[in-house]
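Everything numeric in this text was worked out from a predicted model, so none of it was measured. These numbers come from the heavy atoms of this one structure, side chains and all, not from hydrogens, waters or symmetry mates. The chains referred to below are lettered A, B, ... by the order of the sequence lines, with proteins before strands, and numbering in each begins at 1.
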Amino acid sequence: MGEGDEGYGEWQELVGAALLGTDRRRGGGPAGSPEALLDAAAVHAVRRRAGLRPAGARPRPEPAPRDPRPVPPEAAGHRLAQLLAGRGGPVNGGGRRGSAPDLTELLPQWLAAAGRHGYRAPDALVPALLDAARARSDLRPHALALAGTRGLWLARMNPDWRFALRGGAGGGELPDVTDPSAVERLWEEGLFAERVALLGAVRAHEPAAAPRLLATTWASERAEDRLMFLDSLRSGLSLEDESFLEAALGDRSRNVRATAAELLSALPQSALAGRMAERALACVGPEGVTPPAECDAGMLRDGVVKRPPAGRGERAWWLGQLVEAAPLSCWRERFGGLGPAEMVALPVAAAEGWTEELHAAWCRAAVRQRDPEWSRALLGPASAPPAAGPGTASLAERAKLLETLPDAERAAWVAEFIRAHGLSEAFQLLGVCVVPWAGALGRAVVDALDIAREAGSYPWSFSGVMGLAERCLDPAEAVRLEALTAAAEEPPDASPGAAAYWAEAFQRLVATLRLRAAMLSELAPA
Amino acid sequence: MTEQGVRWTAEQVLALAPDDASRKAGGKLGGAGPWSQIGGSASGSVWGLCKGSGSNPYRTVVDLTGPAYKCSCPSRKFPCKHALGLLLLWSAEGVGEPGEAPDWAAQWLADRAAKAARTAAGATGPVDEEGARRRAERRAARIGAGVGELEQRLADLMRGGLAGQEHAGYAAWEETAARMVDAQAPGLAGRVRELGTIPSCGPGWPARMLEEAALLHLLDRAWMGVTGLPDQLAATVRSRVGLPASGEGEAVRDRWLVLAQYDSASPDGRLTTRRIWLRGLSGGRPALVLDFGPPGRPPGLALPVGLVLEAEMRFRAGSAGLRADLGERFAAAAPCTEVPAGVSTRAALEAYGAALREDPWLESWPVVLGPVVPIPGELGWQLADAEGTSALPVPLTGAGSRSRGGLWQLAALSGGGPVTVFGECGHRGFTPLTAWQPGSSEPVALS
């Protein structure tokens with residue numbers, strides 16, 4: 001803001017006099033005495049304020065591109081505001097969680113559901129959304145997609161939100177992937193993040209074009225960049241990538257070689273998989289297991305790591321790597337036409353203790369090659385005690401095996417597991433089930449919680465599963481759960497007060513399910 | 001439309017919350033889950049039972065005309081999370097057909113109605129006029145002594161020069177402020193404290209300090225000659241010095257739109273001041289309602305932005321006719337459906353300048369500005385007229401500035417295009433408080 005020129009010089013003189021002090025500036029000057037100086041300054045101050053004029057405007061920001069997507073219905077917008085406001089941490093000061101839903105955990109679901117509906121975030125909430133995404137990187141893909149062009153427009157002006165401009169999460173503006181010269185220019189001149197995004201876009205459009213693009217500059221890329229680029233071939237992997245990956249087996253960097261080998265071994269028809277099959281078949285058969293005696297140059301080139309981790313024998317280590325990388329389809333013939341379940345059940349070389357090593361490698365192979373038949377065989381029946389299962393007792397590996405099964409089968413297996421073994425080991429397995437949980441799975445979890453309640457233990461022993469249930473149970477289950485929210489009689493040998501805490505935990509579960517149901521129905525277009 | 005009038009939005013309900021924790025806690029109770037026996041009356045009240053951790057549910061009643069709250073929970077927050085949850089539930093889903101309040105709610109509602117009737121009847125006790133006059137004279141004498149002392153202090157400042165102030169520190173001014181408190185002139189004390197902070201406020205401080213010292217001097221002189229001033233100006237001087245308003249002000253009935261509500265803490269943190277800006281939709285008159293609260297307990301009066309109150313506003317004399325007290329209300333508050341018309345940046349400054357005629361100590365004037373385009377900048381933000389030539393700066397630091405979060409929200413609403421903005425326009429620039437997007441009548445309170 002400015003003011004008229006008249007009087008400005010006079011004002012400067014008054015400020016000068018005041019700075020110096022009237023004692024040091026006797027005689028002359030605009031105002032001799034302190035009172036006269038203050039009088040004159042008061043007149044100036046009021047006159048200046050009363051006569052202010054607007055300042056010249058600076059250049060405006062480019063208007064944000066229009067986002068054609070609709071905003072969510074009003075109630076859903078209010079819900080988002082509430083979820084964003086509630087993300088500052090637990091209300092109860094971190095202690096007992098009480099019976100109210102945990103809003104923080106519902107934000108990801110809201111964002112994902114709103115994304116499926118094709119909404120954009122209400123403009124007023126975009127800054128809060130960006131702040132939330134800044135604090136929690138797991139929210140970023142959905143949050144940034146919702147924030148859309150308005151979010152990017154803001155992020156370009158506020159350094160706090162720079163993260164939104166990085167990476168492939170809808171970040172920069174990519175050229176049309178069908179325009180070869182534009183692609184080539186960005187690939188050669190772009191920043192690393194832009195190049196990763198470009199590679200992803202090219203891969204999504206035409207998988208085989210990605211290795212072609214990579215090959216143009218491969219020799220001059222830095223090792224860590226080669227590794228990242230190679231890793232991005234994981235999506236849309238096919239035999240068309242083989243020759244490129246095969247060449248990368250000769251890379252200068254060990255990590256690049258290992259990744260190339262891993263990707264090739266996920267392609268059962270690749271030459272590397274064939275070589276690995278040949279080696280593995282020489283070691284394992286119905287007659288027993290003979291692990292490799294040495295790690296030769298060919299094995300090294302195919303990505304076998306020579307030095308075992310501390311505490312493991314090197315021959316077992318090599319064997320594991322060979323079997324893991326060999327296509328699972330090679331075993332049927334070797335074992336005389338047996339199916340995976342029968343092979344897994346064979347006491348192959350049990351005497352020498354190789355069975356465990358072999359099964360563990362088959363598990364890794366089944367996960368890598370996404371083979372449901374082998375996974376099924378290695379998981380065994382869900383009701384069998386985990387330690388007695390055929391493949392692996394490790395819950396983490398079982399969870400990975402489960403991921404290769406179709407959704408319904410996965411849920412049924414985990415439901416069966418919970419009915420047989422309770423909840424104490426189910427957390428990781430539940431984590432790989434599709435949300436919302438299928439009916440039978442949800443019922444198994446609720447029944448198991450009810451059994452735990454009747455057993456008289458405290459609910460916080462199950463807080464992990466309880467939290468998952470709040471986020472993953474089908475909201476329709478709320479009706480059935482209602483009965484459990486009443487504080488029941490305490491069993492005679494129960495921990496003191498457990499019944500009331502359980503009632504509270506179930507109240508929270510029901511409240512959260514109702515909130516999720518409300519949340520999802522609000523998002524439905526009017 | 002339900003019988004409780006147009007339901008409020010969730011934002012308007014959450015604006016009532018005394019603090020963030022209550023806002024979150026209330027939000028969690030805003031679903032049907034914990035509630036039973038909810039209902040509402042045609043006269044603008046809602047009630048319900050909320051299941052808590054104890055065996056008895058809490059009984060929660062809200063009188064929407066207040067809004068006023070009653071809950072059987074032990075919380076000292078006001079409104080408590082149950083009242084907020086009930087209002088959120090009402091805002092989202094309504095509470096069904098109006099009905100009779102259950103006994104526990106009806107009793108309180110009846111008491112409130114009776115109390116309101118008593119107040120309206122003007123039950124004033126006998127007044128000791130003679131005693132009041134003597135007390136006023138004594139206070140005036142003490143203030144007079146304080147003003148004299150302050151004039152001395154300002155004259156000493158001018159004699160010694162401002163240059164020494166940069167390293168003089170704050171303590172001497174704090175002491176003078178304490179003397180003004182002793183002299184029962186809290187208005188002067190506040191200005192003195194402000195004056196003491198200026199030397200540490202960055203470049204250009206000597207000019208700002210001279211300006212503030214001169215305005216303080218002007219107030220001193222005005223007090224000394226207050227009996228000779230016109231009534232309105234005299235009232236302004238008295239209230240600026242810190243005397244309470246005397247007598248009933250002018251009462252104006254209108255439909256008052258709540259334009260903004262925000263809290264600020266006093267420099268010593270001992271007092272929270274809540275400012276609520278309103279504007280008469282028919283008469284166009286602005287009004288500022290203040291409420292105060294001790295730390296930790298927010299002011300009791302809460303008026304969510306965007307609501308319209310059919311009410312009587314009692315304006316206090318002086319202070320450019322801004323200060324008002326909320327009088328009788330004639331209907332439950334309802335959301336506004338229109339966007340107030342905005343003016344240009346030039347007109348905004350002219351309005352502030354005109355108001356200075358009545359109150360030369362006025363820091364800012366409430367203005368609806370628009371259409372304007374917010375221009376973010378690392379060194380400072382501007383609000384530019386739609387033609388793009390003239391602009392008002394947004395103060396980022398010091399008195400009257402708000403958080404940058406609110407500014408980014410404003411930028412997000414604008415997306416580089418024009419918006420309508422309500423805020424305070426003063427000699428430091430324009431502080432945005434509330435914004436409307438083109439084509440939407442829903443105000444967004446900038447955080």
Answer with side chain, backbone, both or neither: which region of [X] has an atom nearer than 4.5 Å to a non-hydrogen atom of chain A?
| X | value |
| --- | --- |
| B/Ile375 | both |
| B/Leu410 | neither |
| B/Thr345 | both |
| B/Gln165 | neither |
| B/Pro34 | neither |
| B/Glu166 | neither |

Inspect the surroundings of CZ in A/Arg480 and state if more than 12 heavy atoms from other residues, nucleotides or ligands are less than 6.0 Å away.
-> yes

Sort out for me which of [options] touches chain A most, counting heavy-atom pairs under 4.5 Å.
| options | result |
| --- | --- |
| B/Gly405, B/Ala384, B/Pro360, B/Pro376 | B/Pro376 |
| B/Gly160, B/Ser414, B/Ala214, B/Ala412 | B/Ala412 |
| B/Gly417, B/Gly415, B/Gly161, B/Gly353 | B/Gly415 |

Within the 4.5 Å heavy-atom criterion, are [X] and [Y] side-chain neighbours or not?
| X | Y | value |
| --- | --- | --- |
| B/Ser364 | B/Thr431 | no |
| B/Arg240 | B/Leu362 | yes |
| B/Val367 | B/Tyr352 | no |

Which bit of [X] comes within less than 4.5 Å of chain B, counting heavy atoms only: side chain, backbone, both or neither?
| X | answer |
| --- | --- |
| A/Arg514 | side chain |
| A/Val46 | both |
| A/Pro59 | backbone |
| A/Arg150 | side chain |
| A/Glu74 | side chain |
| A/Ala518 | neither |
| A/Leu19 | both |

Winner by heavy-atom pair count (cut-off under 4.5 Å) against chain B, out of A/Pro61, A/Gly77, A/Pro159 | A/Pro61

Counting distance only, does the side-chain N/O of A/Arg134 pair as donor-acceptor with the main-chain N or O of A/Asp160 below 3.5 Å?
->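 The answer is yes, because a donor-acceptor pair under 3.5 Å joins these two groups.
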
Main-chain N/O of B/His427 paired with A/Arg49 side-chain donor or acceptor, under 3.5 Å |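 No, the answer is negative, given that no donor and acceptor are paired below the 3.5 Å cut-off.
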
With sequence neighbours left out, write down each residue that passes salt bridge (Lys or Arg N to Asp or Glu O under 4.0 Å) with A/Arg471, or none if nothing qualifies.
->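 For A/Arg471, the residues satisfying salt bridge (Lys or Arg N to Asp or Glu O under 4.0 Å) (neighbours in sequence not counted) are A/Glu105.
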
Residues forming a salt bridge (Lys or Arg N to Asp or Glu O under 4.0 Å) with B/Arg159, sequence neighbours excluded | B/Asp156

Please step through ring-ring contact (aromatic ring centres under 6.0 Å, His included) for the pair A/Trp153 and A/Trp161, ending with a clear verdict.
-> CA-CA 10 Å; A/Trp153 181 83; A/Trp161 298 327; over 10 Å; no

Less than 4.0 Å between a side-chain N and a carboxylate O, is that true for B/Arg346 and B/Asp385?
->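 B/Arg346 and B/Asp385: not salt-bridged.
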
Charged N to carboxylate O below 4.0 Å: is that the case for B/Glu211 and B/Arg208?
->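 Answer for the salt bridge query: no.
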
